[in-house]
Chemist: 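Sharing a structure with you now.
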Amino acid sequence: MSASFSVIYCIDCGSILYAFFNIYFLKFLGFVIRKLHFHDMDSKIIHAACMRAAVTVIATGVAIIEQERNRIYIPREPRINAIAQREFYIDSILNRGDRHCVEQIRMKPVVLYRLCDVLTSHDLLRSTQNVSIREQVIVFLQIVGQNQRFRVISGIYYRSVETIHRYFRIVLKAVLKLYKHLIKNPEGTIPTEIMNNRRFYPYFKV
């Protein structure tokens, strides 16, 4: 004769810890009795002791299970659709007017799209399976323009801090490489507007 059951016990601040106990109590007890050579014990006494122990274990298991049934659980919140929330936030930046867009990323939507086109046409930035060029550039501009921390941006975009940091460095390197296409050496003479202005000439002197 054997008794087998599973007990589910909840600990650690409401999390459920599953502990499965397959108890073959009578077989185990019989094994112990044979090993200890309890031949002088009456069979009725042994049987009664086994039954009392089995009843005690079963009663304890029933009490624990009943306690679990009466426990008040906090319902879990539904999962957030991170992709939809991310796209909604980006669209809210670009589609709420030029003023709002400038406040968020320091440039108008048309300038943003132009910047994305320039970075793409010069093969400096590419979309990945999970992050588009638009998102990469907007994240970069928010960090630079708003002096935002990586951890704050990661919460807004439902990304890990490591992901935000990685793409920030990618866009930063791409933007720095634009100097080849935007900055040119002077052709012969320096314009008088720069030569006669102390704000510019020392810094643009070749």
Side-chain angles (χ1 to χ4, degrees), residues 5-21 61 64-184 203:
F5 62 92
S6 298
V7 179
I8 302 176
Y9 189 64
C10 180
I11 60 174
D12 191 14
C13 300
S15 64
I16 299 178
L17 177 64
Y18 292 94
F20 297 94
F21 299 96
I64 294 175
I65 294 174
E66 187 64 24
Q67 182 181 2
E68 283 300 309
R69 290 179 178 176
N70 297 330
R71 184 184 296 275
I72 299 176
Y73 293 98
I74 300 176
R76 293 184 60 182
E77 295 294 331
R79 292 183 179 272
I80 296 176
N81 189 336
I83 298 176
Q85 292 291 332
R86 192 181 304 124
E87 291 298 321
F88 177 80
Y89 178 72
I90 293 175
D91 291 338
S92 69
I93 293 176
L94 301 176
N95 299 328
R96 287 180 57 183
D98 291 349
R99 181 177 179 180
H100 177 74
C101 188
V102 171
E103 290 175 351
Q104 296 297 317
I105 60 175
R106 305 306 184 193
M107 63 177 59
K108 296 180 180 180
V110 63
V111 180
L112 170 71
Y113 287 118
R114 177 56 182 163
L115 176 60
C116 294
D117 291 339
V118 170
L119 293 171
T120 305
S121 61
H122 290 94
D123 198 24
L124 298 175
L125 207 60
R126 298 179 180 178
S127 294
T128 63
Q129 182 178 359
N130 298 319
V131 185
S132 64
I133 291 180
R134 184 180 69 165
E135 182 182 346
Q136 295 178 38
V137 176
I138 290 178
V139 167
F140 172 80
L141 294 174
Q142 279 191 311
I143 294 174
V144 174
Q146 300 287 350
N147 192 26
Q148 289 283 14
R149 299 294 184 265
F150 292 139
R151 192 168 300 279
V152 174
I153 296 298
S154 69
I156 295 175
Y157 287 89
Y158 299 96
R159 301 282 191 188
S160 66
V161 177
E162 188 275 333
T163 299
I164 297 297
H165 182 264
R166 173 158 34 93
Y167 283 101
F168 174 83
R169 292 176 60 87
I170 291 173
V171 178
L172 177 60
K173 292 180 180 179
V175 171
L176 292 177
K177 290 179 181 178
L178 286 176
Y179 80 93
K180 298 179 181 179
H181 310 282
L182 301 178
I183 300 177
K184 297 182 180 180
Y203 306 102

Chemist: Considering residues at least two apart in sequence or located in another chain, which fulfil the side-chain hydrogen bond (donor to acceptor under 3.5 Å, both in side chains) criterion with Thr120?
Modeler: none
Chemist: Under a 3.5 Å distance rule, please check whether Gln104 uses its side chain to pair with a backbone N or O of Gln142 as donor and acceptor.
Modeler: no
Chemist: Return yes if some donor-acceptor pair links the side-chain N/O of Gln85 with the main-chain N/O of Ile156 below 3.5 Å, else return no.
Modeler: no
Chemist: Just checking Phe150 against Phe168, ring centres under 6.0 Å apart?
Modeler: yes
Chemist: Give the minimum heavy-atom separation between His181 and His122, together with the two atoms involved.
Modeler: CE1-CD2, 3.1 Å
Chemist: Around Arg169, counting heavy atoms of other residues, nucleotides and ligands shown, do more than 12 lie under 6.0 Å from its CZ?
Modeler: no
Chemist: Can you find a pair of side-chain heavy atoms, one from Tyr157 and one from Ile138, that are under 4.5 Å apart?
Modeler: yes
Chemist: Can you name the closest pair of heavy atoms from Leu178 and Leu124 and give their distance?
Modeler: CD2-CD1, 3.6 Å
Chemist: Between Cys101 and Ile93, what is the shortest heavy-atom contact and its length?
Modeler: CB-O, 3.5 Å
Chemist: Rounded to the nearest 0.5 Å, what's the gap from OG on Ser127 to CD1 on Ile133? Could you check?
Modeler: 4.0 Å
Chemist: Return the set of residues passing salt bridge (charged side-chain N to carboxylate O under 4.0 Å, His left out) with Arg134 (not counting sequence neighbours), or none when no residue passes.
Modeler: Glu87, Asp91
Chemist: What distance separates Asn95 CG from Phe88 CZ, expressed to the nearest 0.5 Å?
Modeler: 10.0 Å
Chemist: Are any of the side-chain heavy atoms of Tyr113 and Met107 separated by less than 4.5 Å?
Modeler: no
Chemist: Report yes or no: does Gln136 contribute a side-chain atom to a donor-acceptor pair with the main-chain N or O of Arg126 at less than 3.5 Å?
Modeler: yes
Chemist: Listed by chain and number, what are the salt bridge (charged side-chain N to carboxylate O under 4.0 Å, His left out) partners of Arg114, not counting sequence neighbours?
Modeler: none
Chemist: Are Leu141 and Leu112 packed together at the side-chain level, in the sense that at least one heavy-atom pair is separated by less than 4.5 angstrom?
Modeler: yes
Chemist: Where is the tightest heavy-atom contact between Ser154 and Arg151, given as atom of each residue plus distance?
Modeler: OG-O, 2.6 Å
Chemist: Has Ile83 got more than 12 heavy atoms of other residues, nucleotides or ligands less than 6.0 Å from its CD1?
Modeler: no
Chemist: If you look at every heavy atom in Glu135 and Asn130, which pair is closest and at what distance?
Modeler: OE1-O, 4.4 Å
Chemist: Tell me the closest heavy-atom pair linking Pro109 and Leu94, and the distance in Å.
Modeler: CG-O, 3.5 Å
